[in-house]
Colleague: 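Quick one: the structure is below, questions incoming.
In what follows, every heavy atom counts, from backbone to side chain, and hydrogens, waters and symmetry copies are set aside.
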Amino acid sequence: GGFNCVLGGDIPRGSGMSSSAAVEGGLAFALNEIFNCGLEKKEQALLCQRAEHNFPAVQCGIMDQYANMFGKKDQVILLDCKNITHEYFPLKIDGYKIILINSKVHHSLAAGEYNVRRQQCETGLAFLKANMNISSFRDIQSWEELIAFKNSMDETVYNRCLFVVQEIKRTQHAAIFLKENNLIEFGQLMYGSHEGLSKLYEVSCKELDFLADFAKQNENVIGSRMMGGGFGGCTINIVKEDSVDDFIEKITAAYQKEFSVNAEAYSVASSNGVEKLL
């Protein structure tokens, strides 16, 4: 049968805030409800990912779609992309706020750079499988294990693989720090992640680097990194609650001076994922 659909939202275009995954997830969930399809949320997330692969031809992972389906207020998801399973960890940020700074640089993942990165990782993994007893990047216990192969691999491919291995470890440590309510160390991982995304994975840009570096110099910001697929969009920052206004004023003024662009700031919070309202 047919259906009537109205879409609305206040997420800026090209800001790296997963608006495409939100549209996919919302529509898939609604159609599943309307037509009693009986699809589990995981099946819906995988269908949404397939839509990205087949229509805009972005070979994305499953994270954004999964988060839209399984999000929980005051929780974060540790997602196992190999087995498509997850765990929840507490997000206790009392005394802090999550602030996004929009660089106003519009990213375009469909331009192909995202797919290039994925291909480079697949090339590197194939080489490492042939030379190490592994089936995936997660089987590499430490990034130091890669050093032996540095001169045997293309430099760019090596850097991509190095980033992935390091990011896996950061993610695992992040879950531990959240469980321990150690936001300070969690924030340090955010800085490390941005450094890797910028220097090794090369999906940042000068504007995002400026914003992350500026935040790092502010003692009231405990973590900052780019978010989304890269090449533009927002940085995500954990800022002391009583310093939010001062942080926004200073970072937007500095950004305006550097790039002659008025960056926008958004205060955001965790919430439940897609759900039936009526």
Side-chain angles (χ1 to χ4, degrees), residues 1-91 98 100 106-115 117-119 121-122 125 135-138 164 167-168 171-172 174-175 178 227-230 233-234 236 266 268-278:
F3 64 95
N4 295 324
C5 178
V6 177
L7 297 177
D10 57 4
I11 298 176
R13 281 188 175 187
S15 59
M17 294 168 68
S18 305
S19 54
S20 61
V23 171
E24 293 156 5
L27 186 60
F29 182 89
L31 294 177
N32 188 58
E33 290 288 318
I34 292 170
F35 298 112
N36 297 310
C37 299
L39 297 174
E40 298 292 332
K41 281 189 173 183
K42 183 165 79 171
E43 294 177 277
Q44 294 175 49
L46 289 168
L47 284 171
C48 292
Q49 180 193 32
R50 199 165 75 188
E52 293 271 7
H53 290 183
N54 292 342
F55 290 91
V58 177
Q59 297 300 307
C60 65
I62 191 66
M63 181 181 70
D64 292 353
Q65 292 80 7
Y66 206 91
N68 273 276
M69 287 293 173
F70 288 96
K72 277 190 178 181
K73 182 175 173 56
D74 298 328
Q75 303 279 317
V76 295
I77 297 170
L78 179 62
L79 173 60
D80 184 332
C81 295
K82 184 177 180 180
N83 301 312
I84 317 295
T85 57
H86 68 281
E87 297 178 63
Y88 289 107
F89 285 80
L91 181 64
I98 301 174
L100 310 186
H106 287 219
H107 67 177
S108 179
L109 301 184
E113 284 299 317
Y114 186 97
N115 294 346
R117 298 302 184 281
R118 176 160 178 160
Q119 182 57 55
C121 288
E122 290 174 352
L125 181 59
S135 60
S136 72
F137 283 118
R138 73 168 61 182
V164 171
E167 189 75 347
I168 288 171
T171 303
Q172 293 169 338
L178 286 178
M227 59 183 288
C234 296
I236 180 169
Y266 319 117
V268 299
S270 65
S271 69
N272 295 328
V274 64
E275 56 190 350
K276 191 174 181 179
L277 298 178
L278 298 174

Colleague: Quick check for you: to the nearest 0.5 Å, what is the distance between Leu78 atom CG and Gln172 atom CD?
Modeller: 8.0 Å
Colleague: Less than 4.5 Å apart, side chain to side chain, heavy atoms only: is that true for Gln44 and Asn68?
Modeller: no
Colleague: For the residue pair Cys60 and Gln65, establish whether any side-chain heavy-atom pair is separated by less than 4.5 Å.
Modeller: yes
Colleague: Are there over 12 heavy-atom neighbours, none belonging to Glu40, within less than 6.0 Å of that residue's CD?
Modeller: no
Colleague: Would you mind reporting whether Phe3 and Leu27 have side-chain heavy atoms less than 4.5 Å apart?
Modeller: yes
Colleague: On a heavy-atom basis, which atom in Ala51 and which in Pro56 lie closest, and how many Å separate them?
Modeller: O-CD, 3.4 Å
Colleague: How far apart are the closest heavy atoms of Asn115 and Gln59, and which atoms are they?
Modeller: OD1-N, 2.8 Å
Colleague: Is there a side-chain contact between Lys82 and Ser135, using heavy atoms and a 4.5 Å cut-off?
Modeller: yes
Colleague: Side chains of Leu47 and Leu39: closer than 4.5 Å at any heavy-atom pair?
Modeller: yes
Colleague: Less than 4.5 Å apart, side chain to side chain, heavy atoms only: is that true for Val268 and Ile98?
Modeller: yes
Colleague: Measuring only between side-chain heavy atoms, which start at C-beta, is Tyr66 closer than 4.5 Å to Gln49?
Modeller: no
Colleague: How many angstroms lie between atom CD1 of Ile34 and atom CZ of Phe29, to the nearest 0.5 angstrom?
Modeller: 10.5 Å
Colleague: Can you name the closest pair of heavy atoms from Cys121 and Val164 and give their distance?
Modeller: SG-CG2, 3.8 Å
Colleague: In Å, rounded to the nearest 0.5 Å, how long is the span from CD1 of Ile11 to SG of Cys234?
Modeller: 10.0 Å
Colleague: Nearest 0.5 angstrom please: Leu91 CG to Leu178 CG, how far?
Modeller: 6.5 Å
Colleague: Which pair of heavy atoms, one from Arg138 and one from Asn83, lies closest together, and at what distance?
Modeller: NH1-ND2, 4.5 Å
Colleague: Could you pull out the closest heavy-atom pair between Ile62 and Ala45, with the gap in Å?
Modeller: CD1-O, 3.4 Å
Colleague: Taking atom OG of Ser20 and atom CG of Asp64, what is their separation to the nearest 0.5 Å?
Modeller: 7.0 Å
Colleague: Out of curiosity, Ile168 CD1 to Cys81 SG, how far, rounded to the nearest 0.5 Å?
Modeller: 9.5 Å
Colleague: Is there a side-chain contact between Ile77 and Tyr88 (heavy atoms, below 4.5 Å)?
Modeller: yes
